[in-house]
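Protein chains get the first letters and strands the later ones, always in sequence-line order, with residue 1 at the start of each.
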Amino acid sequence: MSISKDELKKNFKRENYEVELFKEKGYIRKLCPSCNHNFWTLVPDKETCGDTRCAGGYQFLNKKGKNLNFDETIKSLTDFFVKNGHTAIKDYPVVSRWRADMDFTIASIADFQPWVLEGVIDPPANPLVVPQMCIRTGGEFSDIDNIGKTARHLTSFVMFGQHAFNSKTLTDGYWMNKCLDLNFTYLTEELGLKSDEINYVEGIWSGGGNFGPNLEAMAFGTELVNNVFIAYGFENGKVKKLDMQVIDVGWGLERTSWFSQGTPTIYEAIFPKAIEYLKKENDYDINPDLLLEYSRLSGLLAVEEVKDLKDERIELAKKLGMSYDEMIKTIGPLESMYAIADHARTLSMTIADGAIPSNVGGGYNLRVLLRRIIALKELFKLQFSINDIFDLQIDHLSVSYPRVKDQRDQIHKIIDLEIKRYEETKVSGRRIINQLLQKSKEIKFNTLVDLYQNNGINPLMVKELAKEKNVEVDVPDDFYIRIEELLSKQADKKDEIVEYKGLKIDKDYVTFPLYYTDVYQTKFTAKVVDVVDDYNLILDQTLFYPTGGGQIHDTGKISSEGKEYQVTNVFRIGSTTIHRLGEKCTFAKGTKINGEINGKRRLAIMRHHTAVHVINNAAKEVLGDHIWQAGADKTPEKARLDITHYQSVSFEELQKIETLANQVVFEHRSIEKSERDRDAAERDFGFHIYQGGVVPGKILHIIAINSWDIEACGGTHLDNTGDIGIIKLVGSERIQDGIVRLDILAGEPALNYIQNQEQILKESSNILSVEPKILPKTVNRFFREWKEQKKIIDTLNKKIAEVQYSSSKIETKKIKSTEIIVEETYGNQKELIVRASQAVKNFEDGICILISSDDNKVTIVGCKSPQSKANIVEMVKELSLIVGGSGGGKGDLALGGGPNLEKVSDVMSNIHQIIESNIS
RNA sequence: GGGCCGGUAGAUCAGUCUGGAAGAUCGCUUCCUUGGCAUGGAAGAGGCCGCGAGUUCGAAUCUCGCCCGGUCCA
């Protein structure tokens, strides 16, 4: 459902916005002539709404307020709202693993989507506040290119979420009146604003099919906070009041801190140490008045509306009284420093929470950020250590987010690796460009596109590298836009095929799962609830595990009154478990049945599933805290575990993981299974429980391996790690950049694998009659000898040819002036070529045709001396036709042959005639 | 997830479109030149042309599948 804001606006009138606060304080409602929004003010002659553009830019710069730094701002907001009845909850990771639809947490409300907002689970507290770090690295929100140029944009920022939830059951929340009261009180009492300095601008918020009114607080030409009230949705095309109404106030924490300090840009306010460091290393100095004016004007850039800011920035330069080039020269380095500090901060935060730069998904945005750091450093020839800037930003973040410093080593390791990869791209880029320049002194647009898309060499790098060779490359301003146009033409979509999509069940029957009670049990009784489309049996309870959470379903049989059915598939629709039977089911509703699952198969599946949990943590122990499960698959035969990792896993690392995992097996650690409320589980165990990806529902099954691993997982698990028996890692591969797949065998399949390997080893060593131990050495020797002997054979063949045709032993015939050698002989094509070419060396004017046959084909080779005018190619072609093949060649050499062995005699009888007709 | 590019000697790459005796440069070995070094000259060693099928008389080259690496986009 997408309805334009103008359309929605018709639904909102004065009453929807006029809160108690406005009445009490005597706010009046006005219309902003600049942006056409209604706004509320205490100043009757106030003309505009007070938004940055309407107010003519920022008015708070250089104006000292409460002077709260980043961490003090978090504390100030937290203290205020806790004092006013809110609970402060811990922030969520910036990598949003509880959601499948986004890579990074982009707003504080995302923490509560979808489960809380859909009413499935209760919020962790109500009302609450959360200092949620958010990441916005692209898309509609901010163009990365503009970071640093606008004085106010960041790729990561804290959205200090203030949320209240209201529904029939959630009665502790509050609505607009209290929200605006709190808002006004904070702004006046804590931030120290005077009441007549604050305006509230009316607006409509919409997102995810929902919408509602919002009131933005404005002061001194900037938006301070947006009070959003999620109140409405759509049902059958009609507007409907939501069952769950939510206060969604996102305090732009950095903005608030900046406002309180009045520094020229947001960057100095938030991470002053990083900016000071960069300025100092580069002896950078700028006239403070110029910077202030630049910053004030930057606030007016219409970032949200225009993608390429260049035209606007040319205007900006004019207003500053300088040319665009001059502005880039004086302020460009500073803008780059801002961007570098920002990017380092975002990278530190995301990597700390387990993201990895790569060429896919959100990881790609991180790679772009790092490469921009390097590119900007080079472009303005900035002096600084990338390690230092990361350390400074890690320090800065760690005051309020201490988990960042715990990952310091990992962050440096990943950044170093990425830089190395980038440098390698550049080295190969230089070579490729040098080669191109040897062929042509010009690099055209199409070439730029190829270099960028295939080799990852961006146009600026091409320009730079070409300049080293004194070639100027013209890079079009709209290069990236043209690339996008090229790509959008290639876009295509794929449909998902959902098995049993067409199957309709009358209602959502709740099948009680017996498989959680005792996982080793194989027999059960139950009652038939329904049979759908003859084959699909629904029971009131079941031991059959339906496919889900990466674990395959059980198989087995269901019987009653002498009839027995095989269960071939088990799956879930909603909370109904459906047993797919091998033949048509004749059970009436209410029939009591006996069920039995294939216990051996179930055990094998459980071994693999539990082994995956064991391996997951073993991999984390060996490779680092950035390891997360990115997918898994468990069957009776094998298991696969995909983990997040930035490079291939070495053989040694695999062995370490395997050893560690088996130690856990040998220690017979107990496995505790429990059901927990989602919010309690998140609180007690943290987000590491979401290894398996998104887990639906209010109640989570928690699988806890004693002092090893805790995950939310709906699968069936052993009671004890010892029951796994043995774990064998049989391989690993990088299935995509940033993800490594581990192939795992547990229990019997592991044993079979080991025995099979032993068998292969034994057979191989038997062939060579050696012990398996010395097999590598022996094979190596054999391989070496094989190569040597191949070479000797080549040499000998050459010698044989020399001996055979250098003497007068062979008979030759002469037609006109041409000496002719014809022989039916043996040998492969290569050998014949050597001999024939050797043979004609004895003559000024001579040809040699050799014919050989093996078990399935005839080979014909012809050679002529350089002076001979014989058409050797035509001769061989004609001869080859006789044996059912064809031939060809070039220069003095002709090659051919065919499959008809019995025609060789025909060849011999026709050969002289064919030769004669092709000698001119 | 969807594309695109690449894998040939120890290294860097030609050759692939248009099938026909596997090449270049650097490096390596030996010899010559020199009092020694730099250099210069000569000879030589070094290739499962990523793997597997297919087409063909014949495949580094064409077709299909796989493996590995790189890269762009969502």
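- The P atoms of rG6(B) and rU16(B) are separated by 13 Å, rounded to the nearest whole Å.
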Enumerate the protein-to-nucleotides 45-48 of chain B contacts in which both atoms are nitrogen or oxygen and the separation is below 3.5 Å.
| residue | atom | partner | partner atom | Å |
| --- | --- | --- | --- | --- |
| rG46(B) | OP1 | K791(A) | NZ | 2.5 |
| rG47(B) | OP1 | K787(A) | NZ | 3.1 |
| rG47(B) | OP2 | K791(A) | NZ | 3.2 |

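- The side chain of L893(A) sits closest to rA21(B) out of rG58(B), rU71(B), rA21(B).
- Comparing G897(A) and S837(A) against RNA chain B, the residue whose closest nucleotide sits nearer the 5' end is S837(A).
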Ignoring hydrogens and angles, write down the donor-acceptor pairs under 3.5 Å from the side chains of residues 896-904 of chain A, residues two or more places apart or on other chains.
none

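- Base pairing of rU39(B) is not made with any nucleotide, judged by Watson-Crick or G-U wobble geometry with both donor-acceptor distances under 3.5 Å.
- Distance L448(A) CG to rU71(B) P: 18 Å, rounded to the nearest Å.
- Straight-line distance from the CD1 atom of I872(A) to the P atom of rA21(B): 15 Å, rounded to whole Å.
- The gap from the P atom of rA43(B) to that of rG7(B) amounts to 31 Å, rounded to the nearest Å.
- In the set rC72(B), rC57(B), rA21(B), rA21(B) carries the atom at the smallest distance from any side-chain atom of I833(A).
- For E824(A), there are no side-chain hydrogen bond (donor to acceptor under 3.5 Å, both in side chains) partners two or more places apart in sequence or in a different chain.
- Between the side chain of T644(A) and the main chain of A355(A), no donor-acceptor pair closer than 3.5 Å is present.
- Spacing between atom CE of M875(A) and atom P of rG20(B) amounts to 22 Å, rounded to whole angstrom units.
- When the C1' atom is used for both rA9(B) and rA60(B), the distance is 14 Å, rounded to whole Å.
- Atom NZ of K877(A) is separated from atom C1' of rG20(B) by 12 Å (rounded to the nearest Å).
- For the C1' atoms, the distance linking rC28(B) with rA11(B) amounts to 11 Å, nearest Å.
- One atom, CG of N900(A), and another, P of rU56(B), lie 13 Å apart when rounded to the nearest Å.
- With both pairing distances under 3.5 Å, rG52(B) is matched to rC64(B) as a Watson-Crick or G-U wobble pair.
- Using atom C1' as the reference point in both rA22(B) and rA59(B), the two lie 13 Å apart (nearest Å).
- Residues T825(A) and R835(A) have side chains that bring a donor and an acceptor to within less than 3.5 angstrom of each other.
- In a base pair of the Watson-Crick type (N1 to N3 plus N6-O4 or O6-N4) or a G-U wobble (N1-O2 and O6-N3), with each distance short of 3.5 Å, rC57(B) is matched with rG20(B).
- More than 12 heavy atoms of other shown residues, nucleotides or ligands fall within 6.0 angstrom of atom NZ in K728(A).
- Looking at heavy-atom distances under 4.0 Å, G896(A) makes contact with a base.
- Ranked by how close their nearest RNA chain B nucleotide is to the 5' end, L895(A) and T859(A) are led by L895(A).
- Nucleotide rA14(B) forms a pair with no other nucleotide shown, judged by Watson-Crick or G-U wobble geometry with both contacts under 3.5 Å.
- Scanning for side-chain hydrogen bond (donor to acceptor under 3.5 Å, both in side chains) contacts around E878(A) gives an empty result, with sequence neighbours left out.
- Contact check, R371(A) against rU71(B): a side-chain N or O comes under 4.0 Å of OP1 or OP2.
- Scored by the side-chain hydrogen bond (donor to acceptor under 3.5 Å, both in side chains) test, E378(A) finds K426(A) as partners (sequence neighbours excluded).
- rG70(B) atom P lies 15 Å from atom OH of Y646(A), rounded to whole Å.
- Of the C1' atoms belonging to rU55(B) and rG19(B), the separation is 12 Å, rounded to the nearest Å.
- On the P atoms, rG65(B) is 41 Å away from rA45(B), given to the nearest whole Å.
- Heavy atoms of S886(A) sit under 4.0 angstrom from at least one base atom.
- Of all nucleotides listed (rU71(B), rA22(B), rG58(B)), rA22(B) comes nearest to the side chain of K830(A).
- L832(A) has its CG atom 14 Å from the C1' atom of rG20(B), to the nearest Å.
- Applying the side-chain hydrogen bond (donor to acceptor under 3.5 Å, both in side chains) criterion to S837(A), with sequence neighbours excluded, gives no partner residue.
- No more than 12 heavy atoms of other residues, nucleotides or ligands sit less than 6.0 Å from atom NZ of K656(A).
- Rounded to whole Å, atom C1' of rG58(B) lies 8 Å from atom NZ of K857(A).
- Between rU61(B) and rG15(B), the distance separating the two P atoms is 15 Å to the nearest Å.
- For rU71(B), the paired nucleotide is rG3(B), the pair qualifying as Watson-Crick or G-U wobble because both relevant distances are below 3.5 Å.
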